[in-house]
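Heads up: the structure comes next, in structure tokens.
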Amino acid sequence: MEILQDLNPAQQDAVRHVEGPLLILAGPGSGKTRVIVHRIAYLIEHEGVEPRRIMAVTFTNKAAKELRDRVAALLGDMAGSLQLGTFHAICARILRIEGEAAGIDRAFAIYDDADQVSLMKGVLAELAVDPRKFAPRAILATISRAKSELATPAGFSAGVRDYFGEVASRAYARYQTLLEENNGLDFDDLIMRTVTMFRQNDSLLQKYQQRLLHVMIDEFQDTNIAQYVLARQFAGGHGNICVVGDPDQSIYSWRSADIRNILNFERDYPGAKTVLLEQNYRSSQNILDTAHAVIVGNESRKEKTLWTEQGAGAQIQVHEAYDDLEEADLVAAEVKALLSKRTHRSGDIAVMYRTNAQSRALEEALLREQVRYRLVGGTRFYARKEVKDLLAYLRLVHNPVDRVAFERVVNVPPRGIGEKTLDELERWSESLDLAPFAALELLAEDRQPPRPHRLAARAETALLGFHELLSGLIGSSRDRPVGELLSALLEQIGYRAFLLNEFEEDGEERWENVQQLLTLAAEYDGLTPEASLPQMLEDVALVAPSDEYNEQADSVTLITLHAAKGLEFPVVMIVGMEDGVLPHMRSFDDPVQMEEERRLCYVGMTRAKERLYLMRAFRRRLMGSSLRNPPSRFLKDVPPELIDARRPGRDEERESRYREPSLARMRPGGGAAGGRTLVPSEAAFAAGDHVRHERFGDGVVVSCMVTSDDQEVTVAFGNGSGVKKLLLSYAPLEKV
DNA sequence: CGCCGTACGGTTTTT
DNA sequence: CCGTACGGCG
């Protein structure tokens with residue numbers, strides 16, 4: 001493939017602009033990745049820039065990998081030395097190399113969500129704060145926001161205005177101290193510490209500014225303040241900064257992404273060139289028009305019109321189901337219908353939803369219908385208990401002061417170190433101002449140190465046993481790569497036997513996960529022993545578990561709308577098109593958040609190339625209770641003339657109008673595709689009306705509830721059928 | 001100390 | 001509804 005070939009004039013414009021700031025406002029499907037790829041290739045081929053002097057920051061590691069592959073397709077292995085990655089991965093790399101000068105121990109651990117919560121719980125206990133009044137996660141979210149705005153504990157406390165802030169401020173200070181004692185960095189620290197390191201060390205910054213001649217940032221609408229400042233630092237010398245984004249696809253403000261970064265780019269970088277990419281190469285016109293009709297509902301946005309040279313394409317399919325289970329059946333039925341027509345393969349189809357919890361019903365339905373699927377995200381591999389435990393061991397080997405890791409594994413498998421013993425050890429180690437493991441070291445070296453603690457002989461032996469295990473591993477980590485280290489560990493703690501014993505039901509499955517981790521670890525055995533362990537730990541913390549091995553496998557993708565950003569599929573089905581789900585109920589009282597929900601819907605719709613299905617359920621179970629959600633307000637924005645007027649589902653099923661959901665689900669073949677009759681908006685029955693039902697016989701109406709487009713009739717039937725809630729559009733009820 | 005029972009609270013979205 | 005957190009017992 002030739003550079004610049006097959007690019008439209010606007011795209012070529014973007015590729016050719018190599019000096020100074022460049023803002024690319026790229027609509028969905030406008031070939032922005034192509035532009036980035038060609039721009040990188042152009043810089044290398046035409047401008048003679050060395051690949052290692054080009055940095056491209058992506059939103060996910062997967063996107064970085066794709067970028068590398070596509071540049072490699074143009075230029076061959078020159079692509080190898082490009083600086084590619086997420087902000088987090090790039091910062092972690094820089095801090096490993098340069099951090100020592102800024103007081104960061106090379107062996108730092110990266111604290112994930114669960115580690116942070118565990119640390120925060122300890123902090124709240126210490127501060128005597130009731131975790132039910134101030135949720136650890138809420139406090140962590142506040143701290144995260146502060147860090148993403150580069151606020152230190154002192155800086156944050158200066159801006160505190162209410163009691164929650166006051167508590168958060170004290171928690172932040174203590175949390176940060178603990179983090180530092182543990183030699184741990186959380187995700188926000190990776191960015192913030194890099195920025196502050198560069199601020200304090202100008203010659204170091206200059207070194208990087210001179211090394212990096214070009215900085216490119218993708219998904220710029222989703223960067224936060226700290227990332228913005230970092231980008232500015234990188235580009236400070238030469239000013240060659242190219243940012244690519246789309247304000248309409250900003251969906252991460254909850255993670256402190258600041259849309260002003262892209263809106264104010266031209267102001268912050270005077271002389272910046274702006275390129276608009278508005279031609280869409282992905283979706284049919286009908287899909288674009290639908291997405292556009294939704295996004296124009298946002299007040300605060302600059303109008304931009306997407307257009308395509310492709311035809312109108314198929315109409316939008318809007319389907320309605322009784323409940324979430326039937327919705328899932330509907331999805332499975334539609335998927336099977338598409339597959340049986342042989343126009344699409346499973347891999348062409350994605351089902352998207354607002355919350356991860358929605359994936360469950362879908363999984364079950366697809367499993368039942370024997371449709372291959374691939375769940376993106378979900379319960380992550382690295383979040384499994386057995387995997388986390390083993391990783392905590394490895395973390396501890398690498399960074400023995402990591403208290404969170406220590407506490408996690410000190411008694412796994414059980415070796416007689418209970419709460420009491422741990423308490424005692426902690427009190428003692430704290431009095432010595434040492435990490436628990438360092439205190440054990442002392443205990444092991446000399447059995448008569450000054451120790452104002454009372455440990456039972458048995459407990460002491462257990463602790464010494466743990467110390468011996470760990471110091472042995474630390475010793476061998478110097479000359480054995482991580483794969484070998486891990487298998488030695490498994491052997492020594494008898495982990496297989498432990499799993500099979502402890503978890504009779506799913507012990508085998510857990511052991512398989514362990515073996516998968518072992519396979520993964522073995523991939524690092526090619527590195528030097530010292531490099532392999534930290535590299536693996538870093539990848540595990542920052543690189544999402546790779547679906548690569550089954551990426552080729554032909555299967556339906558189940559994915560959240562957030563995670564679908566940047567992807568495309570011939571067929572997209574968005575489920576849960578209900579007020580309360582999409583838009584999520586948590587955004588009802590905040591117009592700003594509501595606009596983000598709208599953008600999220602827009603992002604989902606614009607993933608579709610050929611066919612777009614919008615599904616909703618009348619009723620949805622959530623945490624035990626059952627909700628009745630009205631149709632999504634976004635659904636109402638879809639132009640009616642673009643909606644496929646044909647009734648969904650197969651013909652023969654439309655015949656029988658009655659469908660009791662639970663029975664429909666159990667029927668072989670799912671058969672939940674729903675035909676609906678029009679329902680009057682006034683109550684069809686009044687309480688006390690006598691009615692007759694095909695199957696349940698005669699009954700008396702208890703109530704009749706009118707919803708946005710249906711009615712739920714509660715009827716007390718005689719002869720043992722009891723009280724039933726029925727949907728008017730499904731149930732064949734007649735007045736007697 | 002570890003096992004087993006019950007009560008409770010939690011799910012928006014992720015690097 | 002489901003996983004986890006705590007309390008009582010062996």
Side-chain angles (χ1 to χ4, degrees), chain A residues 57-64 85-92 110-114 116-118 121 131-132 135-138 140-141 144 147-148 185-191 219 222-224 226-227 250-257 324 352-361 376-380 382-383 385 410-423 456 458-459 462 501-502 538-545 559-566 576 580-588 590 593-594 596-597 599-601 603-604 620-627:
Chain A
V57 186
T58 54
F59 192 75
T60 62
N61 289 289
K62 201 181 156 193
T86 62
F87 271 112
H88 293 95
I90 286 170
C91 287
I110 296 169
Y111 269 41
D112 72 6
D113 205 58
Q116 292 179 47
V117 170
S118 140
K121 281 186 178 163
R132 270 180 310 203
R137 280 182 194 279
L140 281 167
S144 170
K147 287 186 178 184
S148 68
L185 300 183
D186 63 21
F187 282 114
D188 299 300
D189 282 337
L190 291 173
I191 316 286
E219 307 286 8
D222 287 320
T223 52
N224 66 30
Q227 291 165 337
S250 158
I251 54 175
Y252 279 93
S253 72
W254 52 273
R255 218 174 75 182
S256 308
D324 50 334
M352 301 182 185
Y353 36 82
R354 175 67 236 265
T355 66
N356 281 309
Q358 290 169 258
S359 70
R360 191 169 174 154
V376 178
T379 325
R380 292 151 176 259
Y382 296 128
K385 208 176 287 169
V410 69
N411 205 28
V412 176
R415 49 173 73 88
I417 302 171
E419 204 185 340
K420 201 106 192 224
T421 311
L422 212 52
D423 255 17
R458 201 169 58 168
N501 243 322
E502 184 78 11
E538 190 165 311
D539 287 355
V540 161
L542 296 177
V543 181
I559 192 168
T560 63
L561 289 161
H562 280 91
K565 185 176 77 161
V581 178
L582 180 65
H584 196 271
M585 54 189 288
R586 299 276 280 245
S587 57
F588 280 173
D590 182 353
Q593 279 192 56
M594 185 56 80
E596 183 148 312
E597 296 289 312
R599 292 193 291 269
L600 192 55
C601 183
V603 166
R620 186 173 296 277
R621 298 161 314 144
L622 188 72
M623 288 191 288
S625 61
S626 163
L627 301 170

Has [X] got a side-chain N or O lying under 4.0 Å from the OP1 or OP2 atom of [N]?
| X | N | result |
| --- | --- | --- |
| A:Asn224 | B:dT15 | no |
| A:Thr60 | B:dT14 | no |
| A:Arg360 | C:dC1 | no |
| A:Asn411 | B:dC1 | no |

Mind checking A:Ile417 for me? I need base, sugar-phosphate or nothing, with any heavy atom below 4.0 Å counting as a touch.
sugar-phosphate
For A:Thr421, answer base if it contacts any base atom (sugar-phosphate contacts may also be present), sugar-phosphate if it contacts only those atoms, and nothing otherwise; contact means non-hydrogen atoms under 4.0 Å.
sugar-phosphate
Take the protein atom [atom1] of [X] and the nucleotide atom [atom2] of [N], then report the distance between them rounded to whole Å.
| X | N | atom1 | atom2 | value |
| --- | --- | --- | --- | --- |
| A:His88 | B:dT15 | NE2 | C1' | 5 Å |
| A:Leu190 | B:dT15 | CG | P | 14 Å |
| A:Lys565 | B:dT15 | NZ | C1' | 11 Å |
| A:Lys385 | C:dT4 | NZ | C1' | 8 Å |
| A:Ile559 | B:dT13 | CD1 | C1' | 12 Å |
| A:Leu422 | B:dC1 | CG | P | 9 Å |
| A:Gln358 | B:dG10 | CD | P | 20 Å |
| A:Leu561 | B:dT14 | CG | P | 10 Å |

Please figure out whether A:Asp188 or A:Glu597 has its closest DNA chain B nucleotide nearer the 5' end.
A:Glu597
Side-chain atoms of A:Phe187 come closest, of C:dA5, B:dG10, B:dT15, to B:dT15
Nearest to side-chain heavy atoms of A:Met623, which nucleotide of B:dT15, B:dT14, B:dG10
B:dG10
Are the charged groups of A:Arg360 and A:Asp324 less than 4.0 angstrom apart, N to O?
no
Treating A:Asn411 as the side-chain partner and A:Pro414 as the backbone partner, does any N or O pair qualify as donor plus acceptor under 3.5 Å?
no
Quick one, A:Gln358 and A:Met352 - any side-chain contact, counting heavy atoms below 4.5 Å?
no
According to the interplanar angle, ranging from 0 to 90°, do the rings of A:His562 and A:Tyr252 count as parallel (below 30°), tilted (30 to 60°) or perpendicular (above 60°)?
perpendicular
Which one of A:Arg255, A:Arg599, A:Lys565 satisfies the salt bridge (charged side-chain N to carboxylate O under 4.0 Å, His left out) criterion with A:Asp222?
A:Lys565
Give a yes/no verdict on base stacking between B:dT15 and A:Phe87: centres under 5.5 Å, planes within less than 30° of parallel.
no
